[in-house]
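Below: one structure, written as structure tokens.
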Amino acid sequence: MKSVFIQLKSHYDNLKIKYKLFILVSWIMFVSLSITFFGLQYAFQIYDEQIYSKSSQVLSTSSNSIESELKNLEEVTYNILTDPQIQQYLDAISEDGTEYEKFSLRTKMMDKMLSYVNKEKYIQFVNLIDVYGKEYVVGPKSVKLNDQQINYITGLAKAANGSTVWINPQNNDFTIAVTREIRQYRNLSFDNIGTIIIYVNMEKLVGDILEGSSKIDGEVLIKSNDDNLIFPKETSIPFKEIAKTLDTGYQIKKINQKNYFIVHIKSNYFDWSYLNVIPFNQIFENINKVKTFLIIIFILMFVVVSILGMRFAKSITSPLENLVAGMQYVKVGDFKEASREALKTSNSQDDEVGKLQQNFQTMIEQIDELIHENYSKQLTIKETEFKALQAQINPHFLYNTLESINWLAKGNGQTQISKMVEALGYLLRNSISLKKPLITIEEELNIIKNYIIIQKYRFEERLEFTLEVDSAMFGIEIPKLTLQPLVENAIHYALEPMIDPCNIRIYSIVTNEEVQLIIEDNGPGMDPDIIEKLKRGEVKTRGQGVGLSNINDRIKLAYGEKYGVVIESAMGEGTKVIIAIPIGKEENHV
């Protein structure tokens, strides 16, 4: 785990600043969203508990009101069965009498029962069954029972021994009923003289109570312990699925892809349960809107903050990236590109980054100015040294020339003396002339030819010279006195130490971009260490001639760094000096 953290930290440390800033902004937004999300979850949990508390209180109040009304109806059954007139009528009906008398008694009894019904608005109708099975029905919605129903209800009342019995709706009958056995108490015989059944208008009773409780949400259901629906008669809520594994309290159940918030309390008096079922969307509609709104706000905030953050990061990192790119160009010596990169960002910024950029730009300009100044000075020094060398006459060469003339004079060879003098004059004129620094290859070869004429008279058969330069290259310009000093070096370092003839050869190799002029000899060669010292100018030439390093520097100044002098030599295998110059002269190097 620690190694993973170290790798992540290392990767983060190597990221660009703008990406670090973007990650920082993203983390801030993520932490803010997480805190808000968990805060909302906690708030929603409290909200659920408040809904349950509110619903349970309202449901408990409503259930108490319902049960209070039902208890009142139990009192009505007691008042009816203890009413003296009803007791008298039932007792008289059981005795022998004429039909008229019985009819008159029944009519009076039904009028008495109707007086009780009219006093109670939640009584749908009342059935009274005498001991002969005769049924007396009064009420707004009178319904007579069949024999099966009469037997069932009277059986329940008899089994209760005078207590009240509540009958739940059966076979989709919406009405519930309370029944009680009527017993004779006049002579304390307590004989059964009839059964009273009061049917309750539950729809009106529950509706009135719930209407008075406007704070309750969703739908109120009343169910029996055997999971039969007592109220309402019909509902769009999947009651059967909700009734399964229902616990007291509140819970959220998902049925048919819909969530329901359910509050469940049990009746303290009846074998009933009261449910407040609220569709989840109905409760959390506004909360879901708030959630969606917050998510949209956070997404918009993240997009806006990311854009602004990236723009802010770019305003800081762009000048820094330009400075880094400029430094890369400085590293390779390209100050023009470095300056161009530094100028890509406006210099109008006056903050720390802007000042850094301005200072870098000033530094680049100063360095570039110093380099050009130093370059010009070095070029001036080289030209001065070259002109000073041109103004000098090599004493060694002059001595040998005079010595050769002396020997020729002794031999009375006037023609030869004339040729040597002409060659010497040509050399002196070209070496002392300062009119132009560059001459054609043809002119440089003419200097060598005259130089070889003089040296031929000196070394005779020991000197073998071959010239094989392509005439098509004669028009190409070359720094003055480039080849002649190299031929002179070949004579000094190859010919003079040898007893056998020395072959000095000058030839050319032409490519698409450059021409190579090669001075080759079959002398004793040179040690590699000596070659490196020659390249660095650490080995002085004999006398005061033009050295290899001087020739190499002048070629590079004229044509660029990729051109110059290359030496190939090995002990006992001769020496080859290669001069590389471009096919066409580049004006900016002159």
Side-chain angles (χ1 to χ4, degrees), residues 389 394 396-397 400-401 404 423 427 441-442 444-471 473-474 476 478-511 514-556 559 562-581:
L389 288 171
N394 191 329
H396 183 72
F397 173 69
N400 291 334
T401 302
S404 298
L427 288 174
I441 291 178
E442 184 178 14
E444 181 73 12
L445 293 177
N446 287 333
I447 294 174
I448 292 174
K449 289 177 183 178
N450 285 279
Y451 178 76
I452 291 297
I453 288 173
I454 298 172
Q455 296 296 351
K456 259 294 191 183
Y457 285 113
R458 178 185 174 194
F459 294 104
E460 297 180 347
E461 289 83 4
R462 289 178 59 204
L463 175 59
E464 295 180 0
F465 178 75
T466 306
L467 185 62
E468 299 175 354
V469 177
D470 190 351
S471 60
M473 300 295 105
F474 281 0
I476 297 175
I478 190 171
K480 193 174 185 180
L481 293 181
T482 296
L483 301 177
Q484 187 273 333
L486 298 177
V487 175
E488 183 176 354
N489 285 340
I491 291 175
H492 287 323
Y493 296 106
L495 176 59
E496 289 185 355
M498 293 176 62
I499 299 175
D500 297 329
C502 179
N503 184 10
I504 298 175
R505 179 187 174 204
I506 299 178
Y507 60 95
S508 63
I509 297 177
V510 182
T511 64
E514 67 179 24
V515 58
Q516 293 181 352
L517 299 173
I518 303 168
I519 298 93
E520 185 179 42
D521 65 65
N522 61 343
M526 290 183 288
D527 187 83
D529 293 338
I530 299 298
I531 295 175
E532 290 300 320
K533 291 180 179 180
L534 284 171
K535 290 179 180 178
R536 295 192 295 267
E538 296 177 2
V539 178
K540 293 184 178 181
T541 58
R542 295 181 183 178
Q544 299 179 357
V546 180
L548 284 172
S549 62
N550 182 277
I551 296 171
N552 187 52
D553 291 342
R554 287 191 291 124
I555 292 174
K556 290 185 181 297
Y559 301 113
K562 68 178 182 178
Y563 301 104
V565 179
V566 178
I567 303 174
E568 296 179 1
S569 182
M571 295 300 296
E573 297 182 4
T575 301
K576 182 187 294 184
V577 181
I578 304 170
I579 296 174
I581 59 175

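These figures come from a predicted structure and were not determined experimentally.
- For the residue pair Ile578 and Glu568, the shortest heavy atom distance occurs at CD1-OE2, 3.6 Å.
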Please walk me through it: do Ile506 and Leu517 pass side-chain contact (heavy atoms from CB on, under 4.5 Å)?
CA-CA 7 Å; Ile506 299 178; Leu517 299 173; 5.6 Å; no
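- Between atom CG of residue Leu467 and atom NZ of residue Lys449 there is a gap of 6.0 Å, rounded to the nearest 0.5 Å.
- Residue Glu468 holds its CD atom at 11.0 Å from CD1 of Ile509, rounded to the nearest 0.5 Å.
- Interatomic distance, CZ of Arg458 versus CD of Glu496, reported as 5.0 Å (0.5 Å rounding).
- Using a 4.5 Å heavy-atom threshold, the side chains of Cys502 and Leu463 count as separate.
- The nearest pair of heavy atoms linking Arg554 to Leu481 is NH2-O, 3.1 Å.
- Atoms CD and CD, on Gln455 and Glu460 in that order, are 12.5 Å from each other to the nearest 0.5 Å.
- To the nearest 0.5 angstrom, Ile441 atom CD1 is 11.0 Å from Ser471 atom OG.
- Checking side-chain atoms of Arg462 against main-chain N and O of Met498 turns up a donor-acceptor pair under 3.5 Å.
- When all heavy atoms are compared, the tightest approach of Glu514 to Ala580 is OE1-CB, 4.0 Å.
- The CZ atom of Phe459 lies 9.0 Å from the CD1 atom of Ile504; values are rounded to the nearest 0.5 Å.
- Side-chain contact between Leu486 and Ile579 is present, with at least one heavy-atom pair separated by less than 4.5 Å.
- A side-chain contact (heavy atoms from CB on, under 4.5 Å) with Leu445 holds for exactly one of Asn450, Ile478, Leu483; it is Leu483.
- Listed here is the closest heavy atom pair of Ile453 and Tyr457: O-CD1, 3.0 Å.
- Pro479 has its side chain out of reach of Ile551: every pair of non-hydrogen atoms, C-beta onward, lies at least 4.5 Å apart.
- Asn489 is not listed as a side-chain neighbour of Ile519, based on a closest heavy-atom distance of 4.5 Å or more.
- Across all their heavy atoms, Glu520 and Tyr507 have their closest contact at OE1-CE2, 3.6 Å.
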Between Met526 and Ile567, is a side-chain contact (heavy atoms from CB on, under 4.5 Å) present by the stated rule, with each step listed?
CA-CA 10 Å; Met526 290 183 288; Ile567 303 174; 3.9 Å; yes
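- Without hydrogens or angle criteria, Asn503 side chain to Asn522 main chain gives no donor-acceptor distance under 3.5 Å.
- Although no hydrogens or angles enter the test, the distance criterion places a donor-acceptor pair under 3.5 Å between the side chain of Glu444 and the main chain of Thr482.
- Checked by atom type and distance alone, the side chain of Asn552 pairs as donor or acceptor with a backbone atom of Val565 at under 3.5 Å.
- In this structure, Thr575 and Ser569 approach most closely via the heavy-atom pair OG1-OG, 3.0 Å.
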